[in-house]
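Chain naming here is simple, since letters A, B, ... match the order of the sequence lines and numbering starts at 1 in each. Computed from a predicted structure; not experimentally measured. Only heavy atoms go into these numbers, but all of them, side chains included; no hydrogens, no water, no symmetry mates.
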2 protein chains.
Amino acid sequence: MSRATSGAARADRLTPGARRILAVASELFYRRGIHAVGVDTIAAESGVTKRTLYDRFGSKDGLLVAYLETRDQRWRDLLGEHLAAVGDDPARRVLVPFEVLPEWLGESDRGCSFINAFAELPEPEHPGRQVIVAEKKWLRDLFHRELTAAGAADPDQLAVQLLSLHEGAVVSFAIADESHAAEAAHAAAEALLTAAMP
Amino acid sequence: MSRATSGAARADRLTPGARRILAVASELFYRRGIHAVGVDTIAAESGVTKRTLYDRFGSKDGLLVAYLETRDQRWRDLLGEHLAAVGDDPARRVLVPFEVLPEWLGESDRGCSFINAFAELPEPEHPGRQVIVAEKKWLRDLFHRELTAAGAADPDQLAVQLLSLHEGAVVSFAIADESHAAEAAHAAAEALLTAAMP
DNA sequence: TCGGAACTTCACAGATCAGTATAGTCGGGA
DNA sequence: TCCCGACTATACTGATCTGTGAAGTTCCGA
């Protein structure tokens, strides 16, 4: 795996073949893990030659970054839609990630693709790591922003607490088989928020 | 990777070579990931031949299970010590996992070995999965037991909330670089517990 | 003295890994 | 007409993967 390629390619500007490759790779990386899936398999299941895969994405790492970036975008888009729907009240907006969670978790039992990818990418300089870390920090910052706007006490600490609740719910759902982890986390977030409001 | 071998071998009954193999494998599996580490590397770094590795552990999977089991035991032992030290008050005991967390997290920046292993073991029947799932459920049950003894309201839901907080703190610490995630989770757990007490 | 456990040496199997080289096909737009 | 982008076909490199076979050494305890 070479370390080339920015994940520059926007998902919408992909060629038909590239779109299929990315779709197949996303499914396989998420379902089976990154190291467990070979480029030969991805190419074959995409109905494409390996040459095409390398022409479009440069390397397995390039394809991996594209996978993480599109997954990140999908998550932010979903959250964005719900945020737009609930309006301007920051005390309501801060709970939106918890409201979305059941829907997001219902798609699979494989947990969070970013947490999983983190497990397979130990090198801090790996380009995929930046996407992973940015995703978690983005959510924490979203919490922090809304908490501050809501006038909650100690938004720094509360943002980290909400982030932990959120990520932990995903883990508990996938690993401990806790089907109501999202609802429980939602209730806890609500309680912590209420206690922090003036 | 064959699917043989119970992880039967107790860590204390290991031969000198096996002990070295397990120590090296534990470090490498955790630091670099399971699929990323080959048995040749483990054998070489243990100062042992591959033959010995297979004679002692049967397969890479057998070694992996031994790794997970000893890691699980270490975690339970650490918790057990602290639980014994705090005495009988269940309302105090329920917070012990959060008190231990800073010490446990301080050892590394690679997150939770079980969450990481889960990411690399997609097959539910894999013997390693049982160890992983059992570890998380054990912690949830510990929360539940102490909460019930303390007379807290809705121990079912609160146990899941505490589990989520706990696991999420590990994730936030490792991925989002949140150095105070453990302390924040501890404070949140305390607040939720207080609110649930009669 | 003998047996067995722990371990070494080393060669080997068969698969799979990421990635490249070379050559060619096809269709649409300037 | 010509070129270019997208893609196919196929063969190849060199490394690495898990796991095994066969034989030999060393040492300890009964």
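- Atoms CZ (B:Arg13) and P (C:dA5) sit 16 Å apart, rounded to a whole Å.
- At whole-Å resolution of the value, CG in A:Leu53 and P in C:dA18 are 10 Å apart.
- The separation between A:Asp40 atom CG and D:dC17 atom P is 17 Å, rounded to whole Å.
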Name the pairs: protein N/O against N/O of nucleotides 5-13 of chain D, kept only if under 3.5 Å.
{"residue": "D:dC7", "atom": "OP1", "partner": "A:Gly17", "partner atom": "N", "Å": "2.5"}
{"residue": "D:dC7", "atom": "OP2", "partner": "A:Thr15", "partner atom": "OG1", "Å": "2.9"}
{"residue": "D:dC7", "atom": "OP2", "partner": "A:Arg56", "partner atom": "NE", "Å": "3.1"}
{"residue": "D:dT8", "atom": "OP1", "partner": "A:Gly47", "partner atom": "O", "Å": "3.2"}
{"residue": "D:dT8", "atom": "OP2", "partner": "A:Thr49", "partner atom": "N", "Å": "3.3"}
{"residue": "D:dT8", "atom": "OP2", "partner": "A:Thr52", "partner atom": "OG1", "Å": "2.9"}

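- For A:Phe98 and A:Phe143, the ring centers are positioned less than 6.0 Å apart.
- Look at A:Arg76 and A:Asp72 and you find a salt bridge, because one of the NZ, NE, NH1 or NH2 atoms lies within 4.0 Å of a carboxylate O, short of that distance.
- Put simply, NE2 on B:His35 is 14 Å from P on C:dT16, counting in whole angstrom units.
- Look at B:Asp55 and B:Arg51 and you find a salt bridge, because one of the NZ, NE, NH1 or NH2 atoms lies within 4.0 Å of a carboxylate O, short of that distance.
- Atoms CD1 (A:Ile21) and C1' (C:dA18) sit 15 Å apart, rounded to a whole Å.
- Checked for salt-bridge contact, A:Arg140 and A:Glu135 miss the test: no charged N lies under 4.0 Å from a carboxylate O.
- No salt bridge links A:Arg129 with A:Glu123; every basic N to acidic carboxylate O contact stays at or beyond 4.0 Å.
- Summarising the geometry, the separation between OH on B:Tyr54 and P on C:dC12 is reported as 19 Å, rounded to the nearest angstrom.
- B:Arg32 places its CZ atom 13 Å from the P atom of D:dT16, with the value rounded to the nearest Å.
- Checked against the 6.0 Å centroid criterion, the rings of B:His82 and B:Trp75 do not qualify as a close aromatic pair.
- Atom CZ in B:Phe57 sits about 14 Å away from atom C1' in C:dC7, given to the nearest Å.
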